[in-house]
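Each remark here refers to the structure printed beneath this line.
Index from 1, following the sequence. These numbers come from a predicted model, not from an experiment.
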Amino acid sequence: MIMKGGYIPVAAAYKQPKKHEIAKLLKEFRMWLSYNNQEEVLLFPVNPSQIEITGGNDTSTYEISKLGQIATIKSPKLRTFSFESEFPKQSIHYQVWEEILAPQYCIERIEKWMTKKRPLRFTMVGDMFNLNFPVTIKNFTYSQEAGHDCVYFKLDLEEYRFYAARRVIPNANRQPGK
């Protein structure tokens, strides 16, 4: 059904997927954190409804006489990855991994990694795009609601860039002042 103006109403264009289709879609999208080259891995048992990825470049703005403002593009900013999900206490129909770990274990694992002061690896495999980045945990918030058998959490990750001092070898042929 096309309305005046040529657009299709969202409700008319959207076909609600069947339960078995939703389960298949969820299982094709998986996320995990790993530590020390996957020596330790935490699989997120429930996919978030959305993951927010933020990136960009640093820029500087200058005022040029008779031209106005100009922008100069500098280095890329670190990406951030934010999402909310849950650690269920027992198996639930929308989990994406077979094994369910105790919520307390998951919380302790994340908090332990936060104290190590070393980067983690965030991996997401999906049907639209994949992510595989070294990250640090910027924020980790969790809570439990009365009457629910799970721990809800919000995780904010920030991209980590490996760096090291480089050895500089002076050029013996270079003349001073040039």
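- Looking at Y160 and V135, their side chains never come closer than 4.5 Å, going by heavy atoms from C-beta outward.
- Inter-residue side-chain proximity for L131 and V125 is flagged as unmet; no heavy-atom pair is nearer than 4.5 Å.
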Yes or no on side-chain contact (heavy atoms from CB on, under 4.5 Å) for I100 and K89, after CA distance, side-chain angles and deciding distance? CA-CA 7 Å; I100 294 292; K89 184 177 178 182; over 6 Å; no
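- Between F133 and M124 the shortest side-chain heavy-atom distance does not fall below 4.5 Å.
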Decide yes or no on side-chain contact (heavy atoms from CB on, under 4.5 Å) for S34 and R121, but give the supporting numbers first. CA-CA 5 Å; S34 61; R121 171 92 31 200; 3.3 Å; yes
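- Between the CZ atom of R79 and the CD atom of E158 there is a distance of 12.0 Å, given to the nearest 0.5 Å.
- Transitive grouping of hydrophobic side chains (ILVMFWY, heavy atoms separated by less than 4.5 Å) keeps L155 and Y152 in distinct clusters.
- Taking each heavy atom of F29 and N47 in turn, the nearest pair found is O-ND2, 2.6 Å.
- Side-chain contact between I51 and F122 is present, with heavy atoms from C-beta onward closer than 4.5 Å.
- Remark: aromatic rings of F83 and F81 are distant, center separation not under 6.0 Å.
- Interatomic distance, CD1 of I107 versus CD of Q144, reported as 8.5 Å (0.5 Å rounding).
- With contacts defined as side-chain heavy-atom distances shorter than 4.5 Å, the pair V41/Y35 does not qualify.
- Surrounding CG of N37 are at most 12 heavy atoms belonging to other residues, nucleotides or ligands under 6.0 Å away.
- E108 places no side-chain N or O within donor-acceptor distance of the main-chain N or O of Y105, the cut-off being under 3.5 Å.
- When all heavy atoms are compared, the tightest approach of P48 to E84 is CB-O, 3.1 Å.
- In plain terms, the two heavy atoms of N130 and G126 that are nearest each other are OD1-N, 3.0 Å.
- To the nearest 0.5 Å, atom OG1 of residue T54 and atom NZ of residue K77 are 10.0 Å apart.
- Between L120 atom CG and E40 atom CD the span is 9.5 Å, to the nearest 0.5 Å.
- Atoms CG and CG, on L33 and L43 in that order, are 10.0 Å from each other to the nearest 0.5 Å.
- Two rings, from F44 and F153, have their centers less than 6.0 Å apart.
- Both M114 and L42 belong to a single network of hydrophobic side chains, linked directly or stepwise wherever heavy atoms of I, L, V, M, F, W or Y lie under 4.5 Å apart.
- Side-chain contact between N36 and R118 is present, with heavy atoms from C-beta onward closer than 4.5 Å.
- The aromatic ring centres of Y142 and F87 sit 6.0 Å or more apart.
- Residues Q69 and Y62 form no side-chain contact, since every pair of their non-hydrogen atoms from C-beta on lies 4.5 Å or further apart.
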Test side-chain contact (heavy atoms from CB on, under 4.5 Å) on I110 and I137 and set out the steps. CA-CA 9 Å; I110 291 171; I137 297 173; 3.7 Å; yes
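- Between the D149 side chain and the P88 main chain, no donor and acceptor come within less than 3.5 Å of each other.
- Heavy-atom contacts from other residues, nucleotides or ligands closer than 6.0 Å to CD1 of I73 number 12 or fewer.
- Using a 4.5 Å heavy-atom cutoff, the side chains of K74 and T59 are not in contact.
- For the atom pair CG of D156 and OG1 of T136, the computed distance is 10.5 Å after rounding to the nearest 0.5 Å.
- S85 places a side-chain N or O within 3.5 Å of a backbone atom of V46 that can act as its donor or acceptor partner.
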